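No experiment lies behind these values; they were computed from the predicted model shown. Every number for a ligand or one of its atoms is a count from 1 in the order of the listing. Throughout, residue positions are numbered sequentially from 1 according to the sequence presented.
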Amino acid sequence: MILKIDNLTKIYGKRTILDQLSLSVEEPQIIALVAPNGTGKTTFLNIMCDLEGYQSGSIEILGLPNTDRHVFSEMTFMQDNSILYDELTGMDHMKFIASMYHKTQADIAKVAQLVGVEDYLNKAVGKYSLGMKQHLLFAMGILPEPKVFLLDEPLNGLDPDSVINVRNILKEMADSGTTILFSSHNLGEVVKLTDNILFLHEGKLKSEKDIFENEERWTLVVESVDELEQHLLELSLEYQILNSHKIEITTTEDRLAHIRDFLQEQNLDLWDVTKTEWDLEQVYLDLFERTSS
Ligand SMILES: Nc1ncnc2c1ncn2[C@@H]1O[C@H](COP(=O)(O)OP(=O)(O)OP(=O)(O)O)[C@@H](O)[C@H]1O
C-alpha cells in the first residue's frame, strides 16, 4: 500500500478542518487534491509529512507510519517558498538536498536543466521571482527521485511554458512509478494533469463517484416532455427541460430503464437518449457554493 490514511481528524479551535478523512492508494498515480483557499489542503499535506499534529486517525506511507523517518528517504514535499533561504543561492539549496539523498553534482545539473533553473541557480534566492522560486522548489522535490511526491500548489506563479514543462515532468514521474499528490484550487489546470481528482469538502475527500453516487446526466428527446415531467416529479428526479421535446435528467442507469418502461407503457415515443459528461467546473462551483451558503 502506498498511502493509507484512516479516519484522520484535525481540529483548529472550534473548526474541524479534516473530519475522519480516509484515503487508500495502492498503485502509483497522480492525484489532485482540489478545494478553495482556506479549506485545509496545506494542513492535510503538512500532517502527512508530520509537520503538524492531529487529533485522531492514522497515516501510513509506503507501509510505515508517517512519523517514521525512513518515510522521508522515499518521499518529498514541495512546500511553499517560505521554506527557502533568501541569502542562500539555488545551488546551495540543491546541494543541501543532494547531500541528504546521496545525489551527485551531475544529478543536480541534470535536474536543473530539466526544470530550467540552470541560468540562475548561482544567484541568491532573495533575488528570485515567484516563478523562479517555484522552479527551484520543484527541482528540490524531484532531485531525490521520490516514490511519493507531495506538492502544495505547484503551478502557482508559473508561466504557461513552465506549467507545461512541470506537467510533463510529473506525468513522466508517474509513468515511472512515482505517486504524486498535489493540491490546487485551479480546476482548469488540474484536469490537464489528471482525471483522478479528490475534492476536499467538509473535511473529507470526495471523488466524482462519491459526489454523483453513480448518477449520470442523460438527455432524452421524447414525443412530449409534459407527460414525462409529471412522472419525474413523482420519482423526485432532478431534471431540466431544454425544449418541448428535449429534457435533461440526472439519474442512474437503473432508473433510466424505468423511465424507458414508463414511456413505453404510455405509448410515448422516445426518439433519442444520450449521456452528457459532467462539467467538473460546474460540479466544483455547486459543491463549494453549497458549503459556503
Ligand atoms: N496554525 C493554525 N491555527 C489555526 N488555524 C489554522 C492554522 N493553520 C491553518 N489554519 C486554518 O485552517 C484552515 C485551512 O488552512 P489551509 O492553509 O490548510 O488551507 P488551504 O486549503 O491550503 O488554503 P490555500 O489554498 O489558501 O493555501 C484555514 O481556515 C486556516 O485559517
Quick check on contacts: which atoms of ligand 1 are under 4.0 angstrom from a heavy atom of [X]?
| X | answer |
| --- | --- |
| N37 | 23 (O), 24 (P), 25 (O), 26 (O) |
| E153 | 25 (O) |
| R15 | 13 (C), 28 (C), 29 (O) |
| I17 | 12 (O), 13 (C) |

[X] side-chain N/O to [Y] backbone N/O, donor-acceptor pair under 3.5 Å:
| X | Y | answer |
| --- | --- | --- |
| H185 | A35 | no |
| K10 | G53 | yes |
| E216 | I249 | no |
| S22 | N7 | yes |
| T89 | D92 | yes |
| S184 | E153 | no |

Practice item. Compute whether any side-chain donor of one residue and acceptor of the other, for N165 and S162, lie under 3.5 angstrom apart. Key: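 Per modelled atom types, N165 and S162 side chains form no pair under 3.5 Å.
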
Give me the residue, atom name and distance of the protein heavy atom closest to [atom].
| atom | value |
| --- | --- |
| atom 15 (O) of ligand 1 | T43 OG1, 3.7 Å |
| atom 23 (O) of ligand 1 | G38 N, 2.7 Å |
| atom 10 (N) of ligand 1 | Y12 CE1, 3.3 Å |
| atom 27 (O) of ligand 1 | T42 OG1, 3.6 Å |
| atom 19 (O) of ligand 1 | G40 N, 3.1 Å |

Exercise for review: Give me the ring orientation class for F199 and Y284: parallel if the planes are under 30° apart, tilted from 30 to 60°, perpendicular past 60°.
Suggested key: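 Correct class here is tilted.
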
Review point. Is the closest heavy atom of E52 to ligand 1 under 4.0 Å?
Key: no

Check your understanding: Hey, does P36 sit under 4.0 Å from ligand 1 if you only count heavy atoms?
Key -> yes

Review point. For atom 12 (O) of ligand 1, is some protein heavy-atom partner under 4.0 Å away?
Key: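 Under 4.0 Å from atom 12 (O) of ligand 1, at least one protein heavy atom found.
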
